[in-house]
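When a ligand or atom number is given, it counts from 1 through the structure's own listing order. Below, all heavy atoms of this structure are taken into account, side chains as well, without hydrogens, waters or symmetry copies.
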Amino acid sequence: MRRPNLLITGTPGVGKTTLGKELASRAGLSYINVGDLAKEGELYEGFDEEYECPILDEDRVIDELEDRMSEGGVIVDYHGCDFFPERWFHIVFVLRTDNSCLYDRLESRGYTGKKLQDNIQCEIFQTLYEEAVLSYKREIVHQLPSNTPEDLERNLDQIMQWIEQWMKDNN
Ligand code: DAT
């Protein structure tokens, strides 16, 4: 049975992990958090002094994921999307959160100063949405509001419907 691969992207704090994990459990798909995968496998190629975080080794991430992606049925969660092979994904969701809401979430995650400001600016400039439409066919890229628990439920319902339809059309 063929199963689709989904990419969930957006600024840190928009709710990718919350949506991705719940969706995986409801749909019986597997969930991969690229940040966690990189940490576990130390898939890094240096350290960014300005942002005080390790730099992702994108080629090794791709090598690590290739076999699982070609099997299908994977939900990938990452705050970047331009380095994955375009052919991996059948649909791309960019979660969007209002500034004040995102500010509170990032602050309670312990973000302060430049790191907090940069992430808020990333959301204001819709950086991840732009990156997604430049990296994938526009018709497979969808923005979803992610401010409230109601938004989360609605997104889950809509994506579940999309998955069911995809399975019917492709099997
Ligand atoms: P990300 O994986 O994009 O960094 P997350 O899933 O860890 O984001 O969520 C960040 C915080 O926001 C976390 O405390 C859960 C909360 N959250 C996520 N989606 C939400 C929603 N739709 N409504 C309210 N809170 C949400």
### Query
Nearest heavy atom to atom 10 (C) of ligand 1: which of Gly13, Pro145, Gly35 does it belong to?
Gly13

### Query
Below 3.5 angstrom, do we get any N/O pair linking Thr18 and ligand 1?
yes

## Note on the structure
Residue, atom and distance of the protein heavy atom nearest atom 2 (O) of ligand 1 read Thr17 OG1, 2.6 Å

### Message
Looking at Glu71 and Arg3, is there a salt bridge between them, counting it only when a charged N and a carboxylate O are closer than 4.0 Å?
### Response
no

### Query
Which residue from Arg109, Glu153, Glu22 reaches closest to atom 4 (O) of ligand 1 through any of its heavy atoms?
Arg109

#### Entry: Test: Glu123 and Arg105 ion pair at under 4.0 Å
no

### Verdict with reasoning, Phe93 to Leu7, per side-chain contact (heavy atoms from CB on, under 4.5 Å)
CA-CA 6 Å; Phe93 295 104; Leu7 173 62; over 6 Å; no

### Task
Using distance alone, determine whether Pro12 and ligand 1 share an N or O pair under 3.5 Å.
no

Got a list of side-chain donor-acceptor pairs under 3.5 Å for residues 134-144, not counting sequence neighbours?
| unit_1 | atom_1 | unit_2 | atom_2 | d |
| --- | --- | --- | --- | --- |
| Ser135 | OG | Glu131 | O | 2.6 |
| Tyr136 | OH | Cys81 | O | 2.9 |
| Gln143 | OE1 | Arg96 | NH1 | 2.7 |

### Salt bridge Asp157-Arg154, side-chain N to carboxylate O under 4.0 Å
no

### Task
Considering the heavy atoms of Pro149, write down every atom of ligand 1 situated less than 4.0 Å from one of them.
23 (N)

### Query
Just which atoms of ligand 1 are under 4.0 Å from any heavy atom in Asn147?
23 (N), 24 (C)

### Query
Between Glu66 and Arg87, does a salt bridge (charged side-chain N to carboxylate O under 4.0 Å, His left out) hold up when you go through it step by step?
CA-CA 11 Å; Glu66 185 67 64; Arg87 63 187 156 76; 3.0 Å; yes

### Task
Determine whether the side chain, the backbone, both or neither of Thr148 has a heavy atom under 4.0 Å from any heavy atom of ligand 1.
backbone

### Task
Taking all non-hydrogen atoms of both residues into account, name the closest pair between Ala132 and Val92 and its distance.
CB-CG1, 4.3 Å

### Query
Which bit of Arg105 is near ligand 1, meaning a heavy atom under 4.0 Å away: side chain, backbone, both or neither?
side chain

### Message
Give me the atom names and distance for the closest heavy-atom approach of Arg60 to Gly41.
### Response
NH2-O, 3.7 Å

### Task
State, without any angle test, whether Asn119 and Tyr111 hold a side-chain donor-acceptor pair at a distance under 3.5 Å.
no

### Closer than 4.0 Å: a protein non-hydrogen atom to atom 14 (O) of ligand 1
no

### Under 4.0 Å to a heavy atom of Leu152 - the qualifying atoms of ligand 1, by number
22 (N)

### Message
Below 4.0 Å, non-hydrogen atoms only: which portion of Asn155 touches ligand 1? Side chain, backbone, both or neither.
### Response
neither

### Query
How far is atom 19 (N) of ligand 1 from its nearest protein heavy atom, and which residue and atom is that?
Gly15 CA, 3.7 Å

